[in-house]
Structures are given as structure tokens and as C-alpha cells.
Student: 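Could you have a look at this structure, given as C-alpha cells, before my questions?
In what follows, chains carry the letters A, B, and so on, assigned in the order in which the sequence lines appear, proteins first and then strands, with residues in each chain numbered from 1. For the numbers below, each heavy atom of this structure counts, side chains included, while hydrogens, waters and symmetry mates do not.
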Amino acid sequence: MDLFIESLREAVRLLLRGDRYVLEVVLLSLRVSGTAVLLGVALGLPVGIAVGLRQFRGRGLVIALIHTGFALPPVVVGLFVYMMLSRAGPAGQLEMLFTPAAMVVAQAVLAAPYVAGISLAAVQAVPGDIRLQASALGASPLLALWMHLREARLGIGAAVVAGFGAVISEVGAVMMVGGNIAGETRVMTTAIVLETRRGNFATAFAMGLILLALAFAVNAALTRAQQGRTLAAERRTW
Amino acid sequence: MRFRPPDSFPGLRDRFRARLPILCAALIAFASCARADELILASTTSTVDSGLLDELIPAFADDHASTRVKVIGVGSGEAMALGRRGDADILLVHSPVDEAAFMAAGHGGRRLPVMSNDYVIAGPPDDPAGIRGAGTAALALARIAARDAPFVSRGDSSGTHRKEMALWAAAGPRPRGYTEVGQGMGEALTIASERGAYILSDRGTYLALSHNLRLEVLVEGDPLLENPYSVITVRGARHAAAADTFADWLVSPRAAELIRAFGIERFGEPLFHPSGSLR
């Protein structure tokens, strides 16, 4: 119990002091996972929209495959990206192994199924006649699609947040392809592993607290947007 | 669903168009992450976890501003695998038999002795197998086996794991409570502490974690428990010249001085002894 209280106290002290090491690691985590999610959106959102809007043969199988992607183990994705980027692998010439770019690639692969799967459900939940109506009022097909997506935007926001939550908290892939290099590829999760191994439980715990606080902030912002919109819709009804 | 009069479309269209470039710009931003031309050092976890390299690397950077050293902390087995695949330029490892095999297979360029420390056999303070003062590692392990006491093994092909297997080969059969955890030294020590098990550890990691452990050093000083570290340059490495520079620096008097001084302030004793000082 002493260990726990002491670690907690030291963690709060580190946070209040704005420890530079902790700050650097947090910023790199945000940069890597943020970029990865953007890339995951670029990969996953078009798939989610296309599958969400269209009916075609084998659609159920595609959706099942996307949902299987939720269960992709980060270490397996890490191993795959490692083998691709290794000097002995097919993309070794890029010299990307053990750089933040390699971590971004691995995390984008992990984020894409979340973005695709959840945005798919959001797009599908919007009544299809909104596009009919917009077209009838003179909108081009692209603009009609944009209006449909606008209606699904909170669900799509949830998809992005879910993807972010999945990658900012994973350790297997970034450890393998990033190498946990101090000041270069050390992010919150790999720092937690290292500091725990070093016996610096307080530093590890401080990182864990920041990770949780970030996850909370992102989710709180989304919830606020969702709830605010529901309330506004109710007011309009009256 | 809200009704929108047609005249609101142009505004929407403008917003749609305005946001596209922002998205594109953000996607391109990630490309700036990639970097090249840096020396990759695959180093055993003990040198990373103890903080030794946090002292050595900045000092090397002072002497050689043009070379950046990036450290990957892995077990000796994995470090040599990284070297074989050409993913690391230089290795700092402690697994003499595997190192010799690595050199014999033609993967290494040069192999130089850097430093050494020692292994200890640690265990629960009440020492149920009675190994305290056993004198030799072989006798201690034989007593642990005779009592079928729990023993935690790294089980990860690291230098420490290799050493442990060699010691068991000399000591005889393993106890029933023998567990392979497949993790780093710190994790293995923590597991041994929680389970009241015996363990072979390098002294540095044990000392760094001892304030969180219910383990005591029970056997030490056996010549078989010596733990030499070597630096190996990888043949055909991407940054071979820089690797040579770093290897030479690592065995220089300046590095030796830093290695000798490391840990005295925190632990009251040095964790590593530079090889030059033994000669």
C-alpha cells in the first residue's frame, strides 16, 4: 500500500512540475497516434462510407472482416510492419525501421478497421432519403453525399475517437517497430514499460495517469458534442 | 432531419471545399517524420535499464557531434538477430558463446571487450533451500533442485538466460518449481519476488530494483558468475564507419572512466568494471 501511495504522490508531483521528459514523451505520443489516426481515417473512412451506403453481394463478409480488424493484435501488426521494413524485408530501402514514421504506419493499420467499422454503422443509420431530398432540391450528387455525411458526423467522430483510443494505448506495435529510442520513438506506453522495468514506478504511473486523462478528455469532448446535439434537436421539436 | 432551403447550399459547398486542403495537408505532414543516417545500437536491457547508456551516449555525442546513436534495448539474442538482419549497425551484448558463433558465421566485423559485471543468485530472505553461503553457483542450484524450490528463469535467449542454462547444465536437473517467464530482467525479478522464488540476475538490474523487491543476494563471487560485455560491429552495416568510431570510443579511456564511475552515487558501488582496468 505504501508503494501505491508513494507512487501516486510522486506521479502528481511530476505532473505539477511539468517534467520535461514526461512532456516530450506525451507530445511524441500525440504526434504519432494523431498522424496514425489521420492516416487511418484516410484508409478507413472511404471504405466505411462505401460499404455503409451501398448494397452488394458479399457485403456481410466485408463487414465481418472489418469487425475482425478490431481484434487485430498490435504485436502481430508490429511484427508484420517490422518484417516489411527490416533491411532484410521488401521495403528495407526506405530506412524507416525504428523511426516515428514506422510507428505511424503500424498504428494506422490498427486504427483503420475501427474508423471503417464505426463510420459504416453511423453512415448506415442516417435515413437514405436525405440524399433524395437534397438531389430534388438541386444538389449535385457529391453535395448530396456531403449532406448525408454531415448527418452522420457525430458517429464518424466516434469512429475517429475509437481509433485514437485504440492506438494511443497500444504498446506491442510501437515497441517492435519504434524500438523505444529515448527522445526519438519513446511514447507513453513504451515509456511505461521501460520505467516499470527500471523500478521507477512513479514515472510510469504518472504516464499512465496522463494517458487516462487524455482518453477522458477526447471522450468527454465527443460526449459533449453528442449530448449537446441531442438536446438541441429536442428543443427544435418543441 | 432539418429542412434546408436551397439557398443554403452555396455556403455548405464553400465549407466543403475549404476543408479539403486542410485534410490533405495533415496527411502529408506525417511524411516529415522519416529520418536517416543515424547509428543504431542494439544493446542489452541491463545497459539500458540501469541508465548506463544515458550517461555514455551524451558523452559520445560531445566528442562526435556528427554521429547520432539510437539505442534499442533488447536481449542479447534479439540484438544479434537484429545484427544478422542488418537492422542494427552495432551491438553491445553479453553472451560470449553466442557472440563467438555470431563472429564465426561472418556476421560481425570487430568484437572488443568493453566491461564486465557479475551475476548474483537472489532469493527470498528466509532462503527455504538454504543456499546462503553455498559458495559456488553449481552447489546453490543443486540445493534449489533438491528442495524443488521455485526458480524463475528469463526464458528469452538473453545473455542472462544463456548463462543460467549453462549453470544448470553444470548443476544437474532443474527443480519442479522451475518457471520460464519469457520477459526482461526487471519483470523476471518482480515475478520472482512476488512468488518467493530464486533467480539468477545481473547485479545492476537487481540493485536498481531492489527497493521494490523482497529478494536478497544469497550467492555471489563465483568466477563462473562473471558477466563480460562486448561491442560487436555488424559486417556490412549501413553506417559501418560510424559503428567503428563508436566501438573505438567505447573502449577508450574516457568511456572507461565514465563506466567506472557509473552507479557509485546511486548504489554506493560501481555497477560495471571497464575491461581495460582488468588488464
Student: How long is the span from the CZ atom in A:R197 to the OG atom in B:S46, to the nearest 0.5 Å?
Tutor: 10.0 Å

Student: Run the side chain to side chain contact (heavy atoms under 4.5 Å, CB included) check on B:V71 and A:F98 step by step: do they pass?
Tutor: CA-CA 10 Å; B:V71 180; A:F98 305 135; over 6 Å; no

Student: Distance check, rounded to the nearest 0.5 Å: B:L82 atom CG versus A:R87 atom CZ?
Tutor: 12.5 Å

Student: Nearest 0.5 Å, please: how far is CD1 in B:I72 from CD1 in A:I181?
Tutor: 3.5 Å

Student: For the CD atom of A:E95 and the CD1 atom of B:I40, what is their distance to the nearest 0.5 Å?
Tutor: 8.5 Å

Student: Is the backbone N or O of A:E184 less than 3.5 Å from a side-chain atom of B:K70, with the two atoms forming a donor-acceptor pair by type?
Tutor: no

Student: Under the ring pair (Phe, Tyr, Trp, His ring centres under 6.0 Å) test, which residues partner A:H148, sequence neighbours left out?
Tutor: none

Student: Which pairs with one or both residues in residues 179-190 of chain B pass side chain to side chain donor-acceptor pair (under 3.5 Å), sequence neighbours excluded?
Tutor: B:T179-B:R195

Student: For A:T196, is it the side chain, the backbone, both, or neither that has a heavy atom closer than 4.5 Å to a heavy atom of chain B?
Tutor: backbone

Student: Select one option (side chain, backbone, both, neither) describing which atoms of B:L213 are under 4.5 Å from chain A's heavy atoms.
Tutor: neither

Student: My understanding is that only residues two or more places apart in sequence, or in another chain, count here; which of them pass side chain to side chain contact (heavy atoms under 4.5 Å, CB included) with A:A50?
Tutor: none

Student: Does atom OH of A:Y21 have more than 12 heavy-atom neighbours, drawn from other residues, nucleotides or ligands, at distances under 6.0 Å?
Tutor: yes

Student: Heavy-atom count around B:E269 CD within 6.0 Å, excluding the residue itself: above 12?
Tutor: yes

Student: With chain A as the partner chain, list the residues of residues 83-94 of chain B whose heavy atoms fall under 4.5 Å from it, by residue number, and write 'none' if nothing qualifies.
Tutor: B:R85, B:G86, B:D87

Student: Please flag which part of B:V48 lies under 4.5 Å from any non-hydrogen atom of chain A: side chain, backbone, both or neither.
Tutor: both

Student: Once you round to the nearest 0.5 Å, how far does CZ of A:F201 lie from CG of B:L209?
Tutor: 7.0 Å

